[in-house]
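Scroll down for the structure; my scribbles are underneath it.
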Number of protein chains: 2
Amino acid sequence: MSTAETATSALYAAAADIGIAEPDVHVSGIVADLVAVLVAVTAGEPRVLTLQDARALPSGPFELTHRSLQSGLHAWVERQTHHPLGYVEQLYTFADRDRGLAPDQRVISISYLGLTREQPRGAGEATGWQDWYNYLPWEDHRVGVPPMIDAVVLPALRAFAKSAPTPAVRQDRANRIAVTFGTDGRPWNEELVLQRYELLFEAGLIPEARRGTPDAGPAPVQGRSMILDHRRILATGIARLRAKIKYHPVVFELMPDTFTLLQLQRCVEALAGRLVHKQNFRRLVEQQELVEETGQLSQETGGRPAKLFRFRREVLFERAIVGTKLPISRS
Amino acid sequence: MSTAETATSALYAAAADIGIAEPDVHVSGIVADLVAVLVAVTAGEPRVLTLQDARALPSGPFELTHRSLQSGLHAWVERQTHHPLGYVEQLYTFADRDRGLAPDQRVISISYLGLTREQPRGAGEATGWQDWYNYLPWEDHRVGVPPMIDAVVLPALRAFAKSAPTPAVRQDRANRIAVTFGTDGRPWNEELVLQRYELLFEAGLIPEARRGTPDAGPAPVQGRSMILDHRRILATGIARLRAKIKYHPVVFELMPDTFTLLQLQRCVEALAGRLVHKQNFRRLVEQQELVEETGQLSQETGGRPAKLFRFRREVLFERAIVGTKLPISRS
DNA sequence: TTCGTTATACTCCCTTTGAGCATTATTGGG
DNA sequence: CCCAATAATGCTCAAAGGGAGTATAACGAA
């Protein structure tokens, strides 16, 4: 197509305009990979689909036959899980030089977040669904602040701050610790998943940060590690999801067709890693008309039977951006 | 490095696990481009840096020498504008097959949003800074709803809805029109920039949608067009920025060192495309301690002199996410 | 001096939201 | 059959947030 060629030359003309040379080898050494953070919530626990002895996120090369990145991922995941992907969202594209491979090779990793419902283990799957707090144990505050934070994480981080080369850096590190981990009377902010991971990474408390540098260093913090920067990608996905559930009704992609309000609440809590006030949660969900009664009751474990609800899919059309703003309890 | 190679084989092992074949040609036909939406606000108008007769966003190939995508962009933009990029954020990565090039070639476009202050035109720049509402004239609601919406856009969109093949599609289109353009008593939502662009695109009202199909079709809506999908990328950038200014103090990256509160307000209004309530805006900015007085006054045009303020950079360290939540006026 | 214009200070009121209390409906022992 | 435990559900209250208007102050220009 001549239009296509014109467009390309236009691009390079633009590049030349702003002082960028067209590379000698037009096409070389670049591989694009798709990496997926596939999330499900089962039995009140948040899970992520893993492979390779639970040390990797599913990933694979982007192929020329795919119509678009999104469609590539969709095809790929549905073949894998035999289940429709309710919701897919692009997370981030990385191309850092230190991700592996030789210097003249480069992987561009395009990461996605996908929401689905957990499926029984298929044949050929190496590991399957893992509780995501196995990888980031400091993120689960549902039953209170995890003891490992005070026991292990904060002492190590404070040592890291103390070892700063200048007072300014020291102060900056102290501030980041306080903000991300909610010390000094600051509130815990569940959305800062990535910032916490990166702080720990910088502090050398994450095994991934110490690859290739086999010196002693501080003892790494607990939490299962992953290949390459997959744990960072997982952190990115969790952060995005925790932010998103507050203003967009994506939680329902993780729920069965009908559910009780407590089940819905437990799902939100699993994702957010913290508890919400039950009555306020119901008030919010109902007054926004996110759900409708099925007319049936759940004959669940102990207590008064709960009404079963169903997601009102119409809200996706009625409004643009709605909110399941979590009423977060301080306790 | 053996670790690197192990990691790569691991990736392909993972791919094989989930049913994806390793491509025969390991590296082929993929080019990565960086595209930047560089924003400045001058004289109360929002501008975007363009090239090629104002028909393209600055872009260029991602080179292997760059340490990371972000650093590549930074280097590149600062060489171009001779001005530090205050804030850079990744927007989206596209690889749609219809973006140009031959079928065995593929461009991956990684787009970024960058905030800076407008610079005088340098030599060799084809065009420079353009008011972004030249490209998306339906987005500027500062002086009321643009007449072209009622005169041109809505009639064309309603015709598009009416021409739907089935009643369901018709209803869906009507809903999208109402939600994105705020008809039927719905409020105007300034964040839906991309949704509006895509609706117009689908309706064939955007020249970019009609390339290669030289039939008549409906008359395109006003607004300057761009090469490839650059206008879509611009819409993505504006949407992101409009959302971001509400919870993160990025506006200050566009302001001079010292400014009056009205100047700050005009900047926010320029970005949001709508007016805010002056007194409430001041209340919000001051009670969040986003700014501090310089002690000086501005001897500006007409009226009582205004205090000059300066951004309190400390807030970036003190808090994690703060808000310049716009108090939006209904009028 | 008066008017136009902008800055700045306060007030009002309605909605949202965090938190707690009370009541209802079941199940599973004594 | 009564009672404790467990949930579901209904309701109230107070504080904070946010939209909107009034009032006053300080300047330049006619």
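Protein chains get the first letters and strands the later ones, always in sequence-line order, with residue 1 at the start of each.
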| said: Taking A:R242 first and then A:E190, would you say they form a salt bridge - that is, a charged N and a carboxylate O separated by under 4.0 Å? | reply: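 A:E190 and A:R242: not salt-bridged.
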
| message | On DNA chain D, does the nearest nucleotide to A:L297 precede the nearest nucleotide to B:L297 from the 5' side, or the other way round? Give the residue. | response | A:L297

Nearest whole angstrom, please: distance from the [atom2] of [N] to the [atom1] of [X].
X	N	atom1	atom2	value
B:R282	D:dA20	CZ	C1'	16 Å
A:F281	D:dA7	CZ	C1'	15 Å
B:L284	D:dA20	CG	P	14 Å
B:Q287	D:dG19	CD	P	12 Å
A:K246	C:dG18	NZ	P	10 Å
A:E286	D:dA8	CD	C1'	11 Å
B:Q265	C:dT5	CD	P	17 Å

State whether the distance check finds a donor on one side and an acceptor on the other, under 3.5 Å, for side chain [X] versus base [N].
X	N	value
A:R283	C:dG18	yes
A:R304	C:dT24	yes
A:N280	C:dG18	yes
B:H277	D:dG18	no

| request: Look at the side chain of A:Q279 and decide which nucleotide, out of C:dA7, C:dA19, D:dT9, has an atom nearest to it. | output: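 So the side chain of A:Q279 is nearest to D:dT9.
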
| note | From the candidates C:dT17, D:dA7, C:dA25, the one with an atom nearest any side-chain atom of A:K278 is D:dA7

| query | Once you round to the nearest 0.5 Å, how far does CZ of A:F281 lie from CG of A:L262? | reply |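 Between A:F281 CZ and A:L262 CG, I get 9.0 Å after rounding to 0.5 Å.
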
| Contact class for B:L262 (heavy atom, under 4.0 Å): base, sugar-phosphate, or nothing? | sugar-phosphate

| query | Regarding B:R196 and the six-membered ring of B:W188, is the cationic atom NZ or CZ under 6.0 Å from the ring centre and inside 45° of its axis? | reply |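 Yes.
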
| said: Quick check: do B:L297 and B:K307 have side-chain heavy atoms less than 4.5 Å from each other? | reply: yes

Run the side-chain donor-acceptor check on residues 140-154 of chain B: report pairs under 3.5 Å with partners two or more places apart or on a different chain.
unit_1 : atom_1 : unit_2 : atom_2 : d
B:D140 : OD1    : B:R142 : N      : 3.2
B:D140 : OD1    : B:R142 : NE     : 3.0
B:D140 : OD2    : B:R142 : NH2    : 3.1
B:H141 : NE2    : B:W138 : O      : 3.1
B:R142 : NH1    : B:G44  : O      : 3.0
B:R142 : NH2    : B:E45  : OE1    : 2.9

